[in-house]
Amino acid sequence: MRRARLILLFVFLVAEGFTTAPTAASFSQARRTRKTAAANENGRVETLQFESKLVGKPLPYNVILPRDYNTARTSRYPVLYLLHGLAGHYNDWITRTNIADYAAQYRLIVVMPEGNNSWYVDSATVPTDKYESYILQELIPDVQRRYRTIEARYGRAIAGLSMGGYGAFKFGLKYPDWFAFAGSVSGAFAVTNYTEKETGKGAAWETFLKLFGPVGSETRQKNDLFELVQLITPGQVTSLPYLYFDCGTEDAPVIFNSNHELDERMLQKKIPHEYRELPGNHSWGYWDSQVQELLKIAAQKIRASSAPRQTGKRVAQAKVNTQQGLI
């Protein structure tokens, strides 16, 4: 039964944009298209065609500019890098949420890169699959060349959903000097803990071997969020970005439980963070709602990154029932 549930999970993750019953937070595709078109007409949404030398293929990315970007010609802006989920692409946030409207409230640039199904790591076995290096060595420098950005840690944030939530936290924990804030919605945090016994033989397991290497390998450990948290010393805590994450209580148990466990680990280590368990599942209705919180908290933490920081806390907690979920 456990194996069957985890095999189903891979189907679930691969189809992260699966159709669910309409929710109050859902928007019709036509309405989103009209709003995206309006944002484009105002010059706020741009698509950049970038040729990655590290990955060896085109990796386009979308950019949402602040309302006053074209008029306040001497201003520099903080940047939020927003990562998509598994089986998704750089267009997802623009076409499946109202993020262009939500971002208009803040004086920050939002960058949404192409990550394919990379989990935002440098592959353990494929030399050209260097998506972690791409973000740091190519994407961020390219954004800084093209736009008037704040080119310091206090002006840089990273966040994402599911696979992108894992990626954002990995960047925040591995490279704290780069980011003042790291955020996750429905983060698939336990990805490095999957084994062949749990996934079954086949394409899913082969993909994980290519990305992370064998179970227990150094490459797995370097990309394991729980291991990264465990290795943080009390002296290193103050150098970390502010960490925010949330998860729907009706999400898949393996997703929900990994979020809950990461929260517990951070509480034990007294790592400043904010964790929310909220009604919702692994769907675009939930992500459209919660990206608004990501934007709000990222804007606050970038602006106040030098202010005194709180210890870890869990807020807005709904009743937890780990026996419920989608699989």
(message) For a quick check under 3.5 Å, do Y134 and D129 share a side-chain donor-acceptor pair by atom type?
(response) no
(message) Contact between L267 and D263 at the side-chain level, heavy atoms closer than 4.5 Å - yes or no?
(response) yes
(message) Please tell me whether V55 and Y81 are part of a single hydrophobic cluster in this structure, the criterion being side-chain heavy atoms less than 4.5 Å apart.
(response) yes
(request) Quick one: closest heavy-atom pair of K269 and V229, and the distance? (result) CE-O, 3.3 Å
(request) Ignoring hydrogens and angles, state whether a donor on the side chain of N223 or T192 is under 3.5 Å from an acceptor on the partner side chain. (result) no
(request) Report yes if some heavy atom in the side chain of Y147 is under 4.5 Å from a heavy atom in the side chain of V79; otherwise report no. (result) no
(message) Could you check whether any side-chain heavy atom of Y77 comes within less than 4.5 Å of a side-chain heavy atom of L65, counting everything from C-beta outward?
(response) no
(request) May I ask you to check whether D142 and Y61 show a side-chain donor-acceptor distance below 3.5 Å? (result) yes
(request) List the steps and the verdict of side-chain contact (heavy atoms from CB on, under 4.5 Å) for S133 and D122. (result) CA-CA 7 Å; S133 296; D122 287 354; 2.6 Å; yes
(request) Look only at the side chain of E250 and the backbone of P279, and say whether a donor-acceptor pair between them is shorter than 3.5 Å. (result) no
(message) Just checking F171 against Y120, ring centres under 6.0 Å apart?
(response) no
(message) Between L54 and L211, is there shared hydrophobic-cluster membership here, with clusters defined by ILVMFWY side-chain heavy atoms closer than 4.5 Å?
(response) no
(message) For P176, is there any backbone N or O sitting under 3.5 Å from a side-chain donor or acceptor partner on R153?
(response) yes
(request) Check for a donor-acceptor pair, side chain of H84 on one end and backbone N or O of G115 on the other, with a separation under 3.5 Å. (result) yes
(request) Check A157 against A298 and note the closest heavy-atom contact, atom names and distance. (result) CB-CB, 4.4 Å
(request) May I ask you to decide if the ring planes of W287 and H282 are parallel, tilted or perpendicular, using 30° and 60° as cut-offs? (result) perpendicular
(request) Salt-bridge test for E132 and K170: reply yes if a basic N is under 4.0 Å from a carboxylate O, no otherwise. (result) yes
(request) With rounding to the nearest 0.5 Å, note down the distance linking OG1 in T97 to CD in Q292. (result) 9.0 Å
(message) Looking only at side-chain N and O atoms, does D288 offer a donor or acceptor that is under 3.5 Å from a partner on N98?
(response) no
(message) Any side-chain to backbone donor/acceptor pair from H273 onto I271? Under 3.5 Å, distance only.
(response) yes
(request) Compute whether any side-chain donor of one residue and acceptor of the other, for Q144 and R156, lie under 3.5 angstrom apart. (result) yes
(message) Quick check: F245 with F189 (ring centres under 6.0 Å apart)?
(response) yes
(message) Between K57 and E51, does any side-chain N to carboxylate O distance fall below 4.0 Å?
(response) no
(request) Provide the closest heavy-atom pair for L295 versus A103 in the form atom of the first, atom of the second, distance. (result) CD1-N, 3.9 Å
(message) In this structure, would M112 and V45 fall into the same cluster of hydrophobic residues linked by side-chain contacts under 4.5 Å?
(response) yes
(request) Starting at CE of M266, measure out to CG of L240 and round the result to the nearest 0.5 Å. (result) 8.0 Å
(message) One pair to check against ring-ring contact (aromatic ring centres under 6.0 Å, His included): Y194 and F208. What are the steps and the verdict?
(response) CA-CA 8 Å; Y194 301 148; F208 278 89; 5.6 Å; yes
(message) So does N193 get a backbone contact from the side chain of D224, meaning a donor-acceptor N/O pair under 3.5 Å?
(response) no
(request) State, to 0.1 Å, how close T219 and G213 come at their nearest heavy-atom pair, and which atoms those are. (result) OG1-CA, 3.8 Å
(message) Quick one, F226 and R265 - any side-chain contact, counting heavy atoms below 4.5 Å?
(response) yes
(request) Please tell me if the side chains of D251 and S186 come closer than 4.5 Å, counting only heavy atoms from C-beta onward. (result) yes
(request) Inspect the contact between E218 and R220 and indicate whether a charged nitrogen and a carboxylate oxygen are less than 4.0 angstrom apart. (result) no
(message) For T207, give me all partners under side chain to side chain donor-acceptor pair (under 3.5 Å), at least two apart in sequence or on another chain.
(response) none
(request) Would you name the heavy atoms of R276 and E293 that are closest together and state the gap between them? (result) NH1-OE1, 2.7 Å
(request) Would you tell me whether E277 and T249 have side-chain atoms, one donor and one acceptor, within less than 3.5 Å of each other? (result) no
(request) Measure the shortest side-chain to side-chain distance between L80 and V111 over non-hydrogen atoms and say whether it is less than 4.5 angstrom. (result) no
(message) Any non-hydrogen side-chain atom of R107 less than 4.5 Å from a side-chain atom of S75?
(response) yes
(message) Under a plain distance cut-off of 3.5 Å, with no hydrogens placed, do N116 and Y90 share a side-chain donor-acceptor pair?
(response) no
(message) Looking at Y69, I'd like to know if the NZ or CZ of R148 sits under 6.0 Å from its six-membered ring centre while staying within 45 degrees of the ring's axis.
(response) yes
(request) Establish whether V215 and V121 are linked, either directly or via other cluster members, by ILVMFWY side-chain heavy-atom contacts under 4.5 Å. (result) yes
(message) Restricting to non-hydrogen atoms, name the atom on P113 and the atom on L83 that form the minimum distance, rounded to 0.1 Å.
(response) CG-CD2, 3.7 Å
(request) Establish, for the pair K301 and Y242, whether the NZ or CZ atom is under 6.0 angstrom from the six-membered ring centre and no further than 45 degrees off its axis. (result) yes
(message) Less than 4.5 Å apart, side chain to side chain, heavy atoms only: is that true for W284 and L161?
(response) yes
(message) Counting neighbours of NZ on K53 that are heavy atoms of other residues, nucleotides or ligands and sit closer than 6.0 Å, is the number greater than 12?
(response) no
(message) Measuring from atom NZ of K210 to atom OG1 of T125, what distance do you get when rounded to the nearest 0.5 angstrom?
(response) 7.0 Å
